[in-house]
Amino acid sequence: MKNTSQLRELTLRGIIIGALITVVFTASNVYLGLKVGLTFSSAIPAAVISMAVLRLFSNSNILENNMVQTQASAAGTLSSVIFILPGLLMIGYWNSFPFWQTLLICSAGGMLGVVFSIPLRHAMVVKSNLPYPEGVAAAEILKAGCSEHVEDGDRSSNDAVQKDDVTADKDSGFRDILFGGFIAAAVSFATNGLRILADGASYWFTQGRAIFQLPIGFSLALLSAGYLIGIAAGIAILIGTLIAWGVAIPIISSGMDVPEGSSIGSFAMGLWKDNVRFIGAGTLAIAAIWTLLTLVKPIIEGMKTSLRALNKNNTGDVIPRTELDLSPKIVLLISAVMFLVLIGTFYSFVADSGLPLTTAWGLVLGSVIFAFAIGFLVAAACGYMAGLVGSSASPISGIGIIAITVISLLLLVMGEMNGMLETEKGTNFATALAIFTTSAVLAIATISNDNLQDLKTGYLVKATPWRQQVALLIGCIVGAAVISPVLELLYNAYGFTGATPRPDMDPSQVLAAPQATLMTTIAKGIFSHKLEWTMINIGLAVGVVVIIIDALLAKKGSKLRIPALAVGMGIYLPPAITAPLIIGSVLSWIITSQVKKRAKAQNEDFKTLFKPVERKGALIASGLIVGESLVGVSLAVLIVISISNGGSDAPLALTSWLGPIFGGSGIVEQLLGLTVFVVVCVLFTRRVLGVLKSK
């Protein structure tokens, strides 16, 4: 039996293990984010992997494991900056990802996200009743996998970690991750490597001239993401999908003829890309603004509480280990250093523009100051939203849309004043600078979105906050170092929508990068005065209606909620992506319903019965996401090697060898893909519900 104050926390071996896990989850999140526009919280799988590895050492403990998952989850979250960075290639300003500029913009923004959220810890973690779903879940897994007692004396005996209370062990959790990982890896390899399974199917039909689509995607990573976001978000995404493809596209297409030589599918997708997507952008923007407005009061109150706590720290009173943050002096020092780093990074970015020196420095200072000011507000908002709905469901995309719009409008005013926008080169540079500045803001947002979640985990397992904050800072540096090489690899292997390194690339394999595409289009539209404001305004109206409906449901105490952010996602994500998300959320509802049925039939407590089911489902889902993503990154390596040696971009494809079997129509691959997808859904449900058989 050990007092937690006697346990080692931030160790060299923990930092090394955390760095290795960081590389895996950062690569996975970068691939998933570019492919489908979503990332996943890596806190839970990182905690399980950490426990499985550190158990090989006799003196490992719960606090050391917590530090590993803190470091790894921070870096995995930082990968969300890929929601904007590829835009620099889409506009032709970059033709690759410069390592040092990418590293510095990501690491500096991430470290600012850490220090900006430190003053909020006391108010939003210690004194708050926010649920912090991922943070609490990670703490439960750490407690279940470690046997140390929590005995600092400031928590009730009910919060102690007793050996008899362990409901799942680290070996079982690790096996669940491996189970999901191996299945997803095999399916992804057959789909994207061997090309014998289709990744989706669509049935197009017309009613008059109106075009409709019945889509389905077979991505196991998306299925898992849908499972993790739950049925409420799934229903909201379905509503958004129906608005886009059941209302908007049929109305727009009914007044137009399909051009000769174009299929109804490609024509409808063009209408969605050029018009309907902006409805989704408007919905996301108003939803994010509404969320920020609802947070103004709690954020101000939280800041006051935190400042009072900092003043108490400066009185010289003895402060418990579990309440020690990085000192205000260190926070200010890191902030100042990061300010200088951003100044240098932005100047290196602006230096090639050919602008006069005074204009260049004015843009540098303006961009950095804006990133700092907006970044601090975003840190508070994202930290609160993560505590409310979880890191995975927090509206980072909406924050990015607001940021790119505001920054572009400010640069538009500045550019028209100094004549920068009089040439096409100047307009392109202004667009690039808006994207680069938004990258810094998003880096701050993503880490603050994760930081308080990790600090909640630490609070529950009685970790030392300042050591966690150091682990987060390390995670930012390691993660930022990985992002550029992975982006470069994926770009050369698959290409992005609107940016491909070779003209003969397979269009079916191009990574959509949906957020980067959307934000880049918004920035270009603002500077060219050709933004689809009509569609954006329609989206704003849709968002207002959804917000009102959701507020009325909340007022009536309804369990059904319709988050406007999820509706916006349903509109602006392609239907092949939203379909498996919706199916995954339905699986979540089915599993929850089965547990409720069991609890009612045997007069058991639902929450107690559901906890191990929820944990198992989250671990298998995480494994499915990681497995598919890592195969995507691994295949990218093979493709780059093949192309560099004069080979094809599908070096492992079997379809050319099995032509008589597959026939070239794609129907066989679609049927096989659908069959495998259904089988995995059944296996997933049976394995998760299998926990109930042991009870």
[atom1]-[atom2] distance between [X] and [Y], expressed to the nearest 0.5 angstrom:
X	Y	atom1	atom2	result
Gln101	Phe346	CD	CZ	10.0 Å
Ile289	Leu284	CD1	CG	11.0 Å
Thr437	Leu342	OG1	CG	10.0 Å
Thr431	Phe436	OG1	CZ	15.0 Å
Ile84	Ile105	CD1	CD1	11.5 Å
Ile526	Leu412	CD1	CG	7.5 Å

Side chains of [X] and [Y]: does their closest heavy-atom pair fall under 4.5 Å?
X	Y	result
Met111	Ile477	yes
Asn428	Lys425	no
Val115	Met338	no
Leu473	Leu326	yes
Arg277	Thr521	no
Leu472	Ile447	no
Leu487	Leu34	yes
Ile243	Val542	yes

Where the side chain of [X] meets the backbone of [Y], is there a donor-acceptor pair that is under 3.5 Å apart?
X	Y	result
Ser367	Val364	no
Thr26	Val23	no
Trp272	Ile571	yes
Ser348	Thr345	yes
Gln71	Ile474	no
Ser439	Ile435	yes

*What do the steps show when you test Leu112 against Ile334 for side-chain contact (heavy atoms from CB on, under 4.5 Å), and what is the final call?*
CA-CA 8 Å; Leu112 286 173; Ile334 294 174; 5.8 Å; no
*How far apart are the C-alpha atoms of Val368 and Phe339, what are their side-chain angles, what is the distance that settles it, and do they pass the side-chain contact (heavy atoms from CB on, under 4.5 Å) test?*
CA-CA 7 Å; Val368 173; Phe339 184 85; 3.5 Å; yes
[X] to [Y] - nearest heavy-atom pair and separation:
X	Y	result
Leu540	Gly282	CD2-O, 3.3 Å
Ile404	Ala523	CG1-CB, 4.0 Å
Thr283	Ala564	CG2-O, 3.7 Å
Ala285	Ile401	CB-CG2, 4.0 Å
Gly362	Met414	O-CE, 4.4 Å
Cys106	Ile483	SG-CD1, 4.2 Å

*Given Trp290, which of Val546, Leu565, Asp550, Ile547 fulfils the side chain to side chain contact (heavy atoms under 4.5 Å, CB included) condition?*
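Passing option: Ile547.
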*Tell me, with the steps shown, if Phe429 and Val350 meet side-chain contact (heavy atoms from CB on, under 4.5 Å).*
CA-CA 8 Å; Phe429 166 71; Val350 172; 3.9 Å; yes
*Do the rings of Tyr491 and Phe496 sit parallel, tilted or perpendicular, given the 30° and 60° boundaries?*
tilted
*For Glu488, what residues pass the side chain to side chain contact (heavy atoms under 4.5 Å, CB included) criterion, not counting sequence neighbours?*
Ser96, Phe97, Asn492
_What I want to check is whether the side chains of Asp325 and Gln469 have a donor and an acceptor closer together than 3.5 Å._
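Gln469 and Asp325 do have a side-chain donor-acceptor pair below 3.5 Å.
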*Does the side chain of Thr241 come under 3.5 Å of the side chain of Thr578 through a donor N or O and an acceptor N or O?*
yes
*ring-ring contact (aromatic ring centres under 6.0 Å, His included) with Tyr93: which residues, sequence neighbours excluded?*
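So Tyr93 forms a ring-ring contact (aromatic ring centres under 6.0 Å, His included) with Phe349.
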*Pair Trp361 and Tyr347, ring centroids less than 6.0 Å apart*: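 Ring-ring flag for Trp361/Tyr347: true, centres closer than 6.0 Å.
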_Pair Leu411-Leu433, side-chain contact (heavy atoms from CB on, under 4.5 Å): steps then yes or no_ = CA-CA 8 Å; Leu411 287 175; Leu433 183 58; 4.0 Å; yes
